[in-house]
Visitor: 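Have a look at this one.
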Amino acid sequence: MPHEFEVRHDIELEASPEEVWQAIAEGPGIDSWFMGHSELEPREGGRGTQTFGGDFSMGSTVTVWEPGKRLAYRGDENPEDGTFMAFEYLIEGRESGSTVLRFVHSGFLGDDWESEYDALKIGDLQYLRKLAAYLKHFRGRISTHNLMLWGPQASRDQAWAAFQSVLGLTGGIAAGDRVTIAPDGVAPQEGVVEWVTDPGTFVGVRTDDGLYMLIHGQGTVVVEHHAYAEIDGQALEQSWQGWLQKAFA
């Protein structure tokens with residue numbers, strides 16, 4: 001039986017309402033911080049598509065389209081069990097030039113709804129933090145290459161040790177840490193840790209021209225990257241694929 005759920009988060013963003021709208025409602029803007037590849041037809045009733053990992057995609061329909069103010073869309077219903085997800089963004093400008101974004105994620109989950117709900121509560125916030133980092137440091141720039149690599153199952157301790165190693169850190173990871181990202185096969189990149197989620201399941205890292213997010217979610221390791229300059233995307237992907245194989249062999 002499907003179980004109804006709702007997740008709410010508010011976040012203050014260092015950007016105007018118009019800049020926030022471009023990042024959440026336009027395909028290139030969404031691709032510059034969110035996972036996978038997104039397309040969204042710009043009107044109420046328009047169709048949207050999100051593709052993850054190259055093969056898996058989800059369709060949706062825009063239910064509210066108020067540029068600069070409010071966006072909502074509802075995912076297609078699963079014909080097998082009636083589950084679906086819906087998303088709503090409410091944009092409130094502030095006199096300081098910043099914006100408060102109110103995010104609501106709702107719908108119906110399946111039989112394993114409790115673990116799914118817990119994962120969504122944590123995971124949704126990470127992408128809002130990535131959005132905040134994008135708008136603070138890279139707003140107006142469009143991602144030239146997106147990377148989303150799914151790795152193996154691993155324990156939290158294994159993942160945490162591997163994350164520290166690839167960032168050149170010892171003794172833990174904390175927001176503000178200066179790091180050197182150095183998987184084999186590509187030039188080392190200097191960066192800074194933007195945020196860490198206790199108990200160490202998400203790490204966001206900013207370099208001069210990109211954003212990384214290292215994830216250990218529901219036992220699986222994932223590497224995400226958005227580049228805001230021209231790069232050799234194939235070489236970067238091969239390098240991180242090699243790191244996943246070697247670090248979790």
Visitor: Tell me which one of M58, E26, Q50 satisfies side chain to side chain contact (heavy atoms under 4.5 Å, CB included) with S38.
Guide: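 By the side chain to side chain contact (heavy atoms under 4.5 Å, CB included) criterion, S38 pairs with just one of M58, E26, Q50: Q50.
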
Visitor: List the atom of D31, the atom of G36, and the distance in Å for their closest heavy-atom pair.
Guide: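 Smallest heavy-atom distance, with atoms named: OD1-O, 3.8 Å.
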
Visitor: What heavy-atom pair brings A162 and A247 nearest, and what distance separates the two atoms?
Guide: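 Smallest heavy-atom distance, with atoms named: CB-CB, 4.2 Å.
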
Visitor: Cluster question for you: counting only ILVMFWY and a side-chain heavy-atom cut-off of under 4.5 Å, with indirect links fine, are W65 and I91 together?
Guide: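 Yes, because W65 and I91 connect within a single hydrophobic cluster, where side-chain heavy atoms sit under 4.5 Å apart.
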
Visitor: Please tell me if the side chains of I173 and F163 come closer than 4.5 Å, counting only heavy atoms from C-beta onward.
Guide: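 I173 reaches F163 side chain to side chain.
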
Visitor: I'd like to know whether E6 forms a side chain to side chain contact (heavy atoms under 4.5 Å, CB included) with V104, so could you lay out the CA-CA distance, the side-chain angles of the two residues, the decisive distance to 0.1 Å, and finally the verdict.
Guide: CA-CA 7 Å; E6 182 177 274; V104 182; 3.9 Å; yes

Visitor: Got a sec, which residues hit side chain to side chain contact (heavy atoms under 4.5 Å, CB included) with H105, two or more places apart in sequence or on another chain?
Guide: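 Expected list: F5, V7, M85, F87, F103, L120, D124.
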
Visitor: Side-chain contact test, heavy atoms from C-beta onward, threshold under 4.5 Å: evaluate it for L149 versus E237 and give yes or no.
Guide: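 Yes - at least one pair of side-chain heavy atoms lies under 4.5 Å apart.
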
Visitor: Please answer: with hydrophobic residues joined when any side-chain heavy atoms are less than 4.5 Å apart, are L169 and W160 in the same cluster?
Guide: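 Result: yes, single cluster for both.
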
Visitor: Do you know the tightest heavy-atom contact between F84 and G75?
Guide: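 Shortest heavy-atom separation between F84 and G75 comes out as CB-O, 3.8 Å.
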
Visitor: Using atom types as modelled and distance alone, determine if a side-chain donor or acceptor of H226 lies under 3.5 Å from a backbone N or O of W33.
Guide: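 It does hold such a pair.
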
Visitor: Can you tell whether the side chains of E41 and R47 come within less than 4.0 Å, N to carboxylate O?
Guide: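 Salt bridge absent between E41 and R47.
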
Visitor: Start with the C-alpha gap between L131 and I24, add the side-chain angles, then the distance that decides, and say whether side chain to side chain contact (heavy atoms under 4.5 Å, CB included) holds.
Guide: CA-CA 9 Å; L131 171 62; I24 66 171; 4.2 Å; yes

Visitor: Within a strict 4.5 Å, meaning less than it, do heavy atoms of the L211 and V205 side chains meet?
Guide: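 L211 vs V205: side chains apart.
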
Visitor: Would D157 and S155 count as a side-chain hydrogen bond (donor to acceptor under 3.5 Å, both in side chains) here? Give the steps.
Guide: CA-CA 5 Å; D157 289 344; S155 69; 5.5 Å; no

Visitor: Do R8 and S106 have a side chain donor and acceptor closer than 3.5 Å?
Guide: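 Side chains of R8 and S106: no pair found under 3.5 Å.
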
Visitor: Where do T197 and R129 land on the side chain to side chain contact (heavy atoms under 4.5 Å, CB included) test, with the steps shown first?
Guide: CA-CA 10 Å; T197 298; R129 287 174 172 169; 3.2 Å; yes

Visitor: Under a 4.0 Å threshold between the charged nitrogen and the carboxylate oxygen, would E190 count as salt-bridged to R178?
Guide: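 Salt bridge flag = no for E190 with R178.
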
Visitor: State yes or no: do V166 and I231 share one hydrophobic cluster built from I, L, V, M, F, W and Y residues joined by side-chain heavy-atom distances below 4.5 Å, directly or via other members?
Guide: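 V166 clusters together with I231.
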
Visitor: Find out whether T51 and F56 are in side-chain contact, i.e. whether some heavy atom of one side chain is under 4.5 Å from a heavy atom of the other.
Guide: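 Not in contact.
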
Visitor: Just by distance, do the side chain of R139 and the backbone of E14 share a donor-acceptor pair under 3.5 Å?
Guide: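 Checked: pair present.
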
Visitor: State, yes or no, whether a side-chain contact exists between L135 and T99 at a heavy-atom distance under 4.5 Å.
Guide: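 Heavy-atom side-chain distance check fails, nothing below 4.5 Å.
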
Visitor: Does one hydrophobic cluster hold both L40 and Y134, with members joined at side-chain heavy-atom distances below 4.5 Å?
Guide: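 Shared cluster, yes.
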
Visitor: Decide yes or no on side chain to side chain contact (heavy atoms under 4.5 Å, CB included) for D10 and L101, but give the supporting numbers first.
Guide: CA-CA 6 Å; D10 292 358; L101 182 66; over 6 Å; no

Visitor: Any side-chain heavy atom of M213 within less than 4.5 Å of one from Q126?
Guide: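 Yes; the side chains approach each other to less than 4.5 Å.
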
Visitor: Roughly how far, to the nearest 0.5 Å, is NE2 of H37 from OG1 of T49?
Guide: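 That separation rounds to 8.5 Å.
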
Visitor: With under 30° as parallel and over 60° as perpendicular, where do the rings of F34 and Y127 fit, or are they tilted in between?
Guide: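 Ring orientation of F34 relative to Y127: perpendicular.
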
Visitor: Rounded to the nearest 0.5 Å, what's the gap from CD on Q22 to CD on E19? Could you check?
Guide: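 Separation between the atoms: 7.0 Å.
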
Visitor: Scan side-chain atoms only and decide if S115 and D112 contain a donor-acceptor pair under the 3.5 Å cut-off.
Guide: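 Looking only at side-chain atoms, D112 and S115 do form a donor-acceptor pair, the distance falling under 3.5 Å.
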
Visitor: Does this structure show an ion pair linking E194 with K130, if we count only N-O contacts that are shorter than 4.0 Å?
Guide: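 Salt bridge: no.
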
Visitor: Roughly how far, to the nearest 0.5 Å, is CG of L71 from OH of Y89?
Guide: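 Rounded to the nearest 0.5 Å, the OH-CG separation comes out at 7.0 Å.
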
Visitor: Can a donor-acceptor pair be found, under 3.5 Å and without considering hydrogens, that links the side chain of Y228 to the backbone of S32?
Guide: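 Yes.
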
Visitor: Looking at every non-hydrogen atom in both residues, tell me the closest pair between V196 and A175 and how far apart they are.
Guide: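 Shortest heavy-atom separation between V196 and A175 comes out as CG2-N, 4.0 Å.
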
Visitor: With a 4.5 Å cut-off on side-chain heavy atoms, are V192 and D177 touching?
Guide: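 The answer is no, as the side chains (C-beta and beyond) never meet within the 4.5 Å cut-off.
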
Visitor: Regarding Y212 and Q189, do their side chains bring together a donor and an acceptor under 3.5 Å, going by distance alone?
Guide: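 Y212 vs Q189: donor-acceptor pair found between side chains.
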
Visitor: Looking only at heavy atoms, what is the nearest atom pair of H145 and G233, with distance?
Guide: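 Looking at all heavy atoms of both residues, the closest pair is NE2-CA, 3.4 Å.
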
Visitor: Under 30°, 30 to 60°, or over 60°: which ring-plane class applies to W240 and W243, parallel, tilted or perpendicular?
Guide: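 W240 vs W243 ring planes: perpendicular.
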
Visitor: Quick one: do S98 and E12 satisfy side-chain hydrogen bond (donor to acceptor under 3.5 Å, both in side chains)? Show the steps, please.
Guide: CA-CA 7 Å; S98 65; E12 186 166 354; 2.9 Å; yes

Visitor: Is it true that, when you exclude D81 itself, more than 12 heavy atoms of the residues, nucleotides or ligands shown sit nearer than 6.0 Å to its CG?
Guide: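 Result for CG/D81: enclosed.
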
Visitor: Is any side-chain heavy atom of V223 closer than 4.5 Å to a side-chain heavy atom of W150?
Guide: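 No. Closest side-chain heavy atoms not under 4.5 Å.
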
Visitor: Measure across I11 and L128 and return the closest heavy-atom pair with its distance rounded to 0.1 Å.
Guide: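 Smallest interatomic distance, heavy atoms only, reads CD1-O, 3.5 Å.
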
Visitor: Determine, using the 4.5 Å side-chain heavy-atom cutoff (strictly less than), whether I30 and W21 are members of one ILVMFWY cluster.
Guide: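 Yes; tracing contacts between hydrophobic side chains, which count when under 4.5 Å, links both residues.
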
Visitor: Does K121 offer a backbone N or O that forms a donor-acceptor pair with the side chain of H9 under 3.5 Å?
Guide: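 The answer is yes, because a donor-acceptor pair under 3.5 Å joins these two groups.
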
Visitor: Evaluate the criterion side-chain hydrogen bond (donor to acceptor under 3.5 Å, both in side chains) for residue pair T220 and Q153; output intermediate values, then yes/no.
Guide: CA-CA 4 Å; T220 301; Q153 290 277 304; 2.4 Å; yes

